[in-house]
2 protein chains.
Amino acid sequence: MNNRTNYSEDVLLMAKYAKALAHPVRIYILKKLSKMNSCCYSGDLVDELPIKRSTLSQHLKELKYVGLIQGEIEPPFIKYCLNTYEWEKLKNIFSELLND
Amino acid sequence: MNNRTNYSEDVLLMAKYAKALAHPVRIYILKKLSKMNSCCYSGDLVDELPIKRSTLSQHLKELKYVGLIQGEIEPPFIKYCLNTYEWEKLKNIFSELLND
DNA sequence: TTTATATTTCGCAAAATTACGAAATAATTT
DNA sequence: AAATTATTTCGTAATTTTGCGAAATATAAA
């Protein structure tokens, strides 16, 4: 029926990143982390967001899974930071689309 | 429990756009339309993508719903074009995030 | 070693997404 | 009016996402 049975690498990668961005909680977190290239704690985030700890944890897990953030254990906290390498990759792939 | 019970307009808008981009088919379509600011037909797209007509139609509907494309009836075809106003809005909101 | 703190994992439910084929719609041609 | 063409809508099913509370984990403090 159809000729094309798969997508280009670029399209797939962009869809992966877009999916990671497709929830207000995850946008909020990434915006916060990228804004001053800082890190943050799950405990701080849960006070700023209308979701419970376990739900926040799932969103953090998703961002970790696509590689956009990484968690450093800093007992008794876990400090989450932007993975700048992956973040640059995201920025490049989006810039390509956005700048025609 | 939580202090914050809602998200900023920017965060919500970006999540909405990111969701629209969160599928290879929709990225493919938007890339195609934005690349030369052109239009395209459902019938052309279905030959380039590994999905059936009815599924493509659903993806087009979603893009229409968020306002990123618009369909002009041009019997017996429907010509889909980028909604440049909405596309600029998307670009602006993403640029803000991507350029720190 | 018990207690307290910070966070995650598990199990579950509700809702949304993705995909398809069949039927419907709408305009054109025969 | 019947047949054709391009596309959408409907009904359905499988999968994924989102959210929660309870239990588990891991470390530090008492």
Side-chain angles (χ1 to χ4, degrees), chain A residues 1-7 11-12 14-30 32-33 39-66 68-81, chain B residues 1-7 11-12 14-30 32-33 39-66 68-81:
Chain A
M1 296 291 136
N2 302 315
N3 299 325
R4 183 182 254 265
T5 50
N6 47 18
Y7 305 97
V11 165
L12 288 175
M14 186 164 192
K16 193 182 83 169
Y17 287 140
K19 218 166 135 185
L21 294 173
H23 193 286
V25 165
R26 299 194 293 269
I27 302 249
Y28 181 90
I29 295 167
L30 290 173
K32 179 166 185 140
L33 291 184
C39 298
C40 68
Y41 299 93
S42 178
D44 297 336
L45 287 170
V46 87
D47 290 331
E48 302 166 24
L49 293 166
I51 52 169
K52 299 297 175 187
R53 282 164 205 287
S54 60
T55 306
L56 172 60
S57 207
Q58 273 186 170
H59 286 295
L60 290 168
K61 193 178 173 186
E62 270 186 80
L63 291 175
K64 254 188 295 180
Y65 175 73
V66 294
L68 288 169
I69 64 171
Q70 52 209 144
E72 290 171 40
I73 295 166
E74 202 178 68
F77 301 95
I78 298 177
K79 189 165 78 170
Y80 282 103
C81 306
Chain B
M1 295 289 135
N2 303 314
N3 298 326
R4 183 182 254 263
T5 49
N6 47 18
Y7 305 97
V11 165
L12 288 175
M14 187 164 191
K16 192 181 84 168
Y17 287 141
K19 218 165 135 187
L21 293 173
H23 192 288
V25 163
R26 297 192 295 268
I27 303 246
Y28 181 89
I29 295 167
L30 290 174
K32 180 166 184 140
L33 292 183
C39 299
C40 68
Y41 299 92
S42 179
D44 296 337
L45 287 169
V46 86
D47 290 332
E48 302 166 24
L49 293 165
I51 54 170
K52 299 297 175 186
R53 281 166 205 285
S54 60
T55 307
L56 172 61
S57 205
Q58 273 186 169
H59 286 294
L60 290 169
K61 193 178 172 184
E62 270 184 79
L63 291 175
K64 254 187 295 178
Y65 176 73
V66 295
L68 288 169
I69 64 171
Q70 51 209 144
E72 291 170 42
I73 296 166
E74 202 179 69
F77 301 96
I78 298 176
K79 188 165 81 171
Y80 282 104
C81 306

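Lettering of chains follows the sequences in order, A, B, ..., and the numbering in each one begins at 1.
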(message) Does C:dT17 have OP1 or OP2 under 4.0 Å away from a side-chain N or O of B:Lys19?
(response) yes
(request) Calculate the interatomic distance between A:Asp44 atom CG and C:dT5 atom P; express it in whole Å. (result) 16 Å
(message) Would you say A:His59 places a side-chain N or O within less than 4.0 Å of OP1 or OP2 belonging to D:dG19?
(response) yes
(message) How many whole angstroms separate atom CD of A:Glu74 from atom C1' of C:dT5?
(response) 15 Å
(message) Which nucleotide wins on minimum distance to the side chain of A:Lys64, given the candidates C:dT18, C:dT8, D:dG19?
(response) C:dT8
(message) Quick check for you: among C:dT8, D:dT7, D:dC20, whose closest atom lies nearest to any side-chain atom of A:Ser42?
(response) C:dT8
(message) Tell me whether the side-chain N/O atoms of B:Ser57 come closer than 4.0 Å to OP1 or OP2 in D:dT8.
(response) yes
(request) Specify the closest pair of heavy atoms between A:Tyr80 and A:Leu33, including all atoms of both residues, with the distance to one decimal. (result) O-CD2, 3.7 Å
(message) By nearest heavy atom, map B:Tyr80 and A:Ile73 onto DNA chain D; which one lands nearer the 5' end?
(response) B:Tyr80
(request) Rounded to the nearest angstrom, tell me the gap between atom NZ in B:Lys61 and atom P in D:dT9. (result) 5 Å
(request) To the nearest Å, give me how far apart CD (A:Glu72) and P (C:dT7) are. (result) 14 Å
(message) Between A:Ser54 and B:Ser54, which residue's closest nucleotide on DNA chain D lies nearer the 5′ terminus?
(response) B:Ser54
(message) Closest-nucleotide mapping onto DNA chain C: is A:Gln58 or A:Phe77 further toward the 5' terminus? I mean the 5' end.
(response) A:Phe77
(request) Consider the side chain of A:Thr55, meaning its heavy atoms from C-beta on, and name the nucleotide among C:dG21, D:dG19, D:dG21 that approaches it most closely. (result) D:dG19
(request) Return the value, rounded to whole Å, for the distance between atom CG of B:Leu49 and atom P of C:dA19. (result) 10 Å
(request) For A:Lys79, report the nucleic acid contact type (base, sugar-phosphate, nothing); a contact means any heavy atom under 4.0 Å. (result) nothing
(request) Give the minimum heavy-atom separation between B:Ile27 and A:Ala15, together with the two atoms involved. (result) CD1-N, 3.8 Å
(request) Please name the pair of heavy atoms, one in A:Arg53 and one in A:Gly43, separated by the smallest distance, quoted to 0.1 Å. (result) NH1-CA, 4.4 Å
(message) Measure CD1/B:Ile51 against P/D:dT7 and give the value in whole Å, please.
(response) 13 Å
(request) Check step by step if side chain to side chain contact (heavy atoms under 4.5 Å, CB included) holds for A:His59 and A:Ile51. (result) CA-CA 10 Å; A:His59 286 295; A:Ile51 52 169; 4.0 Å; yes
(message) Please report the distance, rounded to the nearest Å, between CD1 in B:Ile78 and C1' in D:dT9.
(response) 12 Å
(request) Please state how far atom CZ in B:Arg53 lies from atom P in C:dA23, giving the value in whole angstrom units. (result) 17 Å
(request) Run the numbers on B:Leu12 and B:Asn6 for side chain to side chain contact (heavy atoms under 4.5 Å, CB included), then give the verdict. (result) CA-CA 9 Å; B:Leu12 288 175; B:Asn6 47 18; over 6 Å; no
